[in-house]
K.L.:
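So that we are looking at the same thing, I have put the structure below in C-alpha cells.
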Amino acid sequence: KNPLQQTDPPSVPVDELFPSGDFPEGEIQQYKDDNLYRTTSEEKREMERLQKPMYNSIRRAAEVHRQVRKYMRSIVMPGMLMVELCETLENLVRKLIKENGLQAGIAFPTGCSLNWVAAHWTPNSGDKTVLQYDDVMKLDFGTHIDGHIVDSAFTVAFNPMFNPLLQATRDATNTGIKEAGIDARLCDVGVAIQEVMESYEVEINGKVFQVKSVRNLNGHGIGPYQIHYGKSVPIVKGGEQTKMEEGEFYAIETFGSTGKGFVREDLECSHYMKNFDVGHVPLRVAKARQLLTTINNNFGTLTFCRRYLDRIGETKYLMALKNLCDAGIVQPYPPVCDVRGSYVSQFEHTILLRPTCKEVISRGDDY
Ligand SMILES: O=S(=O)(c1cccs1)N(Cc1ccc(F)cc1)Cc1ncn[nH]1
Ligand SMILES: [Mn+2]
Ligand SMILES: [Mn+2]
Ligand SMILES: [Mn+2]
C-alpha cells in the first residue's frame, strides 16, 4: 500500500501526502490587461519567493478543504442528522490537518444552512434537524494553518430541479473571481456578479423565478486569524470604487435566491466570534471571565459555535456568553434568512492576489 496515497474514507494527514512540504497550487489566472508585465517581472517573482512559507501554509489548508469536501459530497444523504453531518466533517478536518491548538485546525463552524437560510446556521447540540431530499444545503466550512484561512463553500441539492439555481451561483462566483484582481474596483466586481446571476431563470415546483443576487450579503477580505478583514465585496451594483490591492486575500462568494434577494437575522444563534479590535477587558463576573479564558485559549479570534464549547466541557455558559456579547467582547453571528419558502444557493472560493498572478487557492476538480 503506497503510504503516500489517501485512504477511502480519508485518514492520512495531508502533510504526510506531500513529504516535500510543497502543497499543490490553486488555479492560476493572469490579471486582466496584465500584458505579461506582472507575469514576467523578476522583482515580482522575488517578492513571491519570500512569501513561500505562507503560500505553503494556506495551500496545505486548501488541500484539506478539497479532500474533506470530496468525501462529504460522497456521504451526504437525505435522512442524515445535521449534527452527525457536521461532526463527521469537523472530525475529518481535525485529522487531515493534524489539528494543533491555534496553529492548525478548523477556522469556523460548519455552515450547513438550508433552503431560505442563507448562511451562519449550524445545529446546536440536541438539534434534531434531518437533511431532506428537497433541501438546498450550503456547506460552508473553513480550514487554517497558522491563521491563514481557507473559506470555501458549495451547495448540495438532491432534487435536479434546483440545478439551474446552483449553476447560476456557480457561474456568478466564477465571474466574480475573474473580475477580481489588483486595482479592480469592488463596485465593478459587484456589477459583473449581479449581471450573470440575474441572467438565470429557474422553475421550481412549477413556478418560474428570475434568480436574484442577495443584495445584503457579500464577499470579504481575509486576514491572519480574521475571517472578515478589510473590504467587503458586493454581489450587486452600487458598491464602492475602492480597489483591490496586491497581496490581499479575498473570499469571493455569491448568493442566488428565489426570494426577496435580501436576508434578515433569524432563528437561534450558534456562531460567535471575538471582536478582533477589543483588547483585554477585566471582568468581575467569574463565569464570564472563565468563559473568556476558554475562548481565548481554544479559539482566539476565530469563529466558534456552541457545539465547540460543549465538546471542550463548558456547561451552563449561555448567560456568561450573553454577558460577553453585551460587553462587545464577543459578536454573535445569527443565521441570515431570506423569506420562508424561498431557496438560496451559494458558491465560495478563497483567492490570493499574488504579485505575479491571481491564485484561486481553494479551486478543486469539483468546483
Ligand atoms: O457574513 S460575514 O460575516 C461577512 C461578509 C462580509 C463581511 S463580513 N462572513 C464572515 C464569517 C462570519 C462568521 C463565520 F463563521 C464565517 C465567516 C461571511 C461568511 N460567512 C461564512 N462564510 N463567509
Ligand atoms: Mn505566517
Ligand atoms: Mn464561507
Ligand atoms: Mn466567506
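Read the numbers this way: they start at 1 and go in the same order the structure lists the ligands and their atoms.
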K.L.:
Is there a donor-acceptor pair under 3.5 Å between the side chain of S213 and the backbone N or O of V236?
P.N.:
no
K.L.:
Which pairs of donor and acceptor atoms, one on a side chain in residues 71-87, lie under 3.5 Å apart (sequence neighbours left out)?
P.N.:
residue	atom	partner	partner atom	Å
S74	OG	Y71	O	2.5

K.L.:
Could you tell me whether a side-chain N or O of S270 sits under 3.5 Å from a main-chain N or O of C305, the two making a donor and an acceptor?
P.N.:
no
K.L.:
Distance alone, cut at 3.5 Å: any donor-acceptor contact between the side chains of N174 and R363?
P.N.:
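Yes, a side-chain donor-acceptor pair sits under 3.5 Å.
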K.L.:
Which protein residues have a heavy atom closer than 4.0 Å to any atom of ligand 1, listed by chain and number?
P.N.:
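Contacts of ligand 1 under 4.0 Å: F108, P109, H120, D140, D151, N218, G219, H220, I227, H228, S232, E253, H271, T303, Y333, E348.
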K.L.:
When you measure from the Mn ion (ligand 4) to the N, O or S atoms of H220, does any of those distances fall below 2.8 Å?
P.N.:
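It does; at least one qualifying atom falls short of 2.8 Å.
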K.L.:
Keeping to distances under 2.8 Å, can you name the protein N/O/S atoms close to the Mn ion (ligand 3)?
P.N.:
D140 OD1, D140 OD2, D151 OD1, E348 OE1
K.L.:
Going by an N to O cut-off under 4.0 Å, is there a salt bridge joining R45 and E48?
P.N.:
no
K.L.:
Under the 3.5 angstrom rule, does the side chain of R170 hit a backbone N or O of F347 as a donor-acceptor pair?
P.N.:
no
K.L.:
Enumerate the ring pair (Phe, Tyr, Trp, His ring centres under 6.0 Å) contacts for residues 3-40, please, sequence neighbours excluded, ordered by first and then second residue.
P.N.:
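Non-adjacent pairs meeting ring pair (Phe, Tyr, Trp, His ring centres under 6.0 Å): F18-F23.
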K.L.:
Would you call the rings of F299 and F304 parallel, tilted or perpendicular, where under 30° means parallel and over 60° means perpendicular?
P.N.:
parallel
K.L.:
Is there a donor-acceptor contact under 3.5 Å from the side chain of D146 to the main chain of H148?
P.N.:
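Side chain of D146 to backbone of H148: no pair is present.
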K.L.:
Check the side chains of T110 and E90 for a donor-acceptor pair under 3.5 angstrom, ignoring hydrogens and angles.
P.N.:
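E90 vs T110: donor-acceptor pair found between side chains.
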